[in-house]
Amino acid sequence: MPVPYDKAFAQKLLADMLRIRRMEEKCAELYGAQKIRGFLHLYIGEEACAVGALHALTADDNIVATYREHGHALVRGVSMNAIMAEMFGKRAGCSRGRGGSMHLFDAATRFYGGNAIVGGGLPLAVGFALADKLQGKQRVTACFFGEGAMAEGAFHESMNLAALWQLPVLFCCENNLYAMGTALARSEAQTDLCAKAASYAVPTLKADGMDIVAVHEAMKLAARHVRDGLGPFFLELQTYRFRAHSMFDPELYRDKAEVEQWKQRGPLHTFSARLKAEGKLTEEEFLALDAKANAEVQAAVDFAEAAAWEPVADLLKDVHTP
Amino acid sequence: MKMTYREAIRQAMHEALAADPRVFLMGEDVGRYGGTYACSKGFLEEFGPERIRDTPLSELGFVGAGIGAALGGMRPIVEVMTVNFSLLALDQIVNTAAALRHMSGGQFSVPLVLRMATGAGRQLAAQHSHSLENWYAHIPGIKVLAPATIADARGMLGPALADPDPVVIFEHAQLYNMEGALPDDWRCDITTAAQRRAGTDISLITYGGSLPKTLAAAEQLAAEGIAAEVIDLRVLRPLDTDTIAASLRKTHKAVVVDEGWKSGSLAAEVMARIVEDCFFDLDAPVARVCSEEVPIPYAKHMEEAALPQAPKIVAAVMMVLGK
Ligand SMILES: Cc1ncc(C[n+]2csc(CCOP(=O)(O)OP(=O)(O)O)c2C)c(N)n1
Ligand SMILES: [Mg+2]
């Protein structure tokens, strides 16, 4: 199927994937240099999911994400400077340096985290949707989570509540086949995730998460359903993380060959190749987009380096609302 | 023999698995991944997937299943990756494991061992840095242990498994890489506190991840001519007040060091016990060093400022001594 977008939008999707990729490659490097600390969960390989999905939403929608959320925050419109400063632990970070990699928040873009408890964001999303329904708003709350979260009670309770009350929640499962070292088949008796979700009388759809067109089209359909007041929707994006779970993971649980096989389907090179074949991208244009992404990353690193630390005197600030 | 705290935990579990077919280990990523903190590395290959059981992300479910298995004749070691995630399993721990024996009129004991990492100090921010040992220590029906030395990491699991009732073991995440000599007499009880350093001027009472910091503070104090005694609580429930009282009869002053937040902390309980049992031995008000009452921040300097540190302990001692 040809890419059903004009050149400008197609290149925008590619550019956003590149921005995430280059930013995270830099993050990995900065982790080695101990500029970024704590846990760092990279999204490399999964970029088509966040980019394809978030471009199907409007600025008024709500986003709830996990600890693997750098890409979602960036595409949502949180500045790379603010994300990088957050990872450095600087006051100019989007969470004032208090959250780090796992807790990116941004009220202006309705980006509600950044939740590092697996499944923790799902009930929250149900609540946002409840508030919108009670206030007669036509907003979508998109909740991103990994397939690992589907084993938690929070998933089941949230699905049932959303379906029972017909709330405008878009449950978006990024199924990368592993929860830390635990493969899907070793954690779910029913590995058909849509079948699980369907048991709550919620419509479902699965899409190839390595194909940004498939993701974007599926997300548009899902968002329309939710926005039209037809109740919650469950979307499964089948994807794969190319890197370790976090920076501490020796990856004893999966084959190098399996990783290599998935890399063949990497969202960046497959999509650029497609665009080139269709005359929507030249090599020069690709290099220009890449250079632009790299420049944005360098500027963000410089910004984060130069930014100030939060003074220790502010430690207790914001525990309560003044 | 020199080894890490991690290796001591590993050896303790290995010994238990090899010795008793009723013992099995279950939890998230204990098998293929080798344990989040590598405490069960190689176990899957050696003991097989029936006894080294990877679980889905279902804390309430598999902790409850551990309770049921214990009732059904097994001796489960359930690893809840960290105390942070144990919050999802609290219902089963508090409403079932802890209460069952008493509320069934003494008919059912729950010989379950729950292990979990605890504590801050690695820049993991608010949701991954909890020290909630005191929540567990509040609950009648469970025993709560906090191994802070290589010997206790090696020695506490055996008696915990032999105990007919639920035992919760807190392993401070900062201790796994700690290296030290395993003494020949590492076998230990799970009833008493221990003196880790003798002194006559003041008692520093602590547990878990705060022990190394407290010993460092005692060392600094020694350089200033102050002989601090360091008591490691080891067992957080039931508290060994005799050992605390014996120390206070000698020093007449105390500082309690606890990584938990100050309000409602374990330190508060220890201070209350001191007031109840040792009031007339005291020469000065008891002080404490706890975490600041704030969700633990990510930035290194802010996290350090939020947690007990050796200089804060030294300062508290100086205040108590009026120096
Ligand atoms: C309640 C809870 N249990 C355990 C963890 C530790 N943990 C963090 S991420 C993770 C795996 C989650 O896998 P998945 O939901 O598939 O998301 P992915 O990391 O693959 O994006 C685990 C076990 C946690 N953060 N929260
Ligand atoms: Mg996953």
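- Residues of residues 301-313 of chain B having a heavy atom under 4.5 Å from any heavy atom of chain A, listed by number: B/H301, B/M302, B/A305, B/A306.
- No part of A/Y67 comes within reach of chain B, as not one of its non-hydrogen atoms sits under 4.5 angstrom from that chain.
- For B/E50, the CD atom is loosely surrounded, since the number of other residues' heavy atoms within 6.0 Å does not exceed 12.
- At a threshold of 4.5 Å between non-hydrogen side-chain atoms, the residues B/E292 and A/L316 count as touching.
- Atom-to-atom distance recorded for B/Y33:OH and A/L252:CG is 8.0 Å, nearest 0.5 angstrom.
- The two atoms that bring B/A125 and A/G99 nearest to each other are CB-O, 3.5 Å, heavy atoms only.
- Looking at heavy atoms from C-beta onward, B/Q127 lies out of side-chain contact with A/M102 at the 4.5 angstrom threshold.
- Remark: B/Y298 OH to A/M87 CE distance equals 8.5 Å, nearest 0.5 Å.
- The CG atom of A/D249 sits 8.5 Å away from the CG atom of B/D29 when rounded to the nearest 0.5 Å.
- Between B/T82 atom OG1 and A/I117 atom CD1 the span is 7.0 Å, to the nearest 0.5 Å.
- Contact record, B/A299 with A/G89: CB-O, 3.4 Å, taken as the closest heavy-atom pair.
- Shown here is A/E251, whose CD atom has more than 12 heavy atoms of other residues, nucleotides or ligands within 6.0 Å.
- Within the 4.5 Å cutoff, the side chain of A/R37 has no heavy atoms near those of the B/R122 side chain.
- When each of A/V312, A/N115, A/L315 is scored by its heavy-atom pairs under 4.5 Å with chain B, the top score falls to A/L315.
- Looking at A/I36, the atoms closer than 4.5 Å to chain B (heavy atoms on both sides) sit in the backbone and in the side chain alike.
- The two residues A/S187 and B/P56 come nearest to each other via the heavy atoms O-CG, 3.2 Å.
- Within a 6.0 Å sphere centred on NZ of A/K206, heavy atoms belonging to other residues, nucleotides or ligands number more than 12.
- Looking at B/L87, there are no atoms closer than 4.5 Å to chain A (heavy atoms on both sides), in backbone or side chain.
- Two rings, from A/F39 and B/H128, have their centers less than 6.0 Å apart.
- For the atom pair B/L60 CG and A/E152 CD, the distance stands at 9.0 Å (nearest 0.5 Å).
- For the atom pair CD (B/Q123) and OG (A/S101), the distance works out to 11.5 Å, reported to the nearest 0.5 Å.
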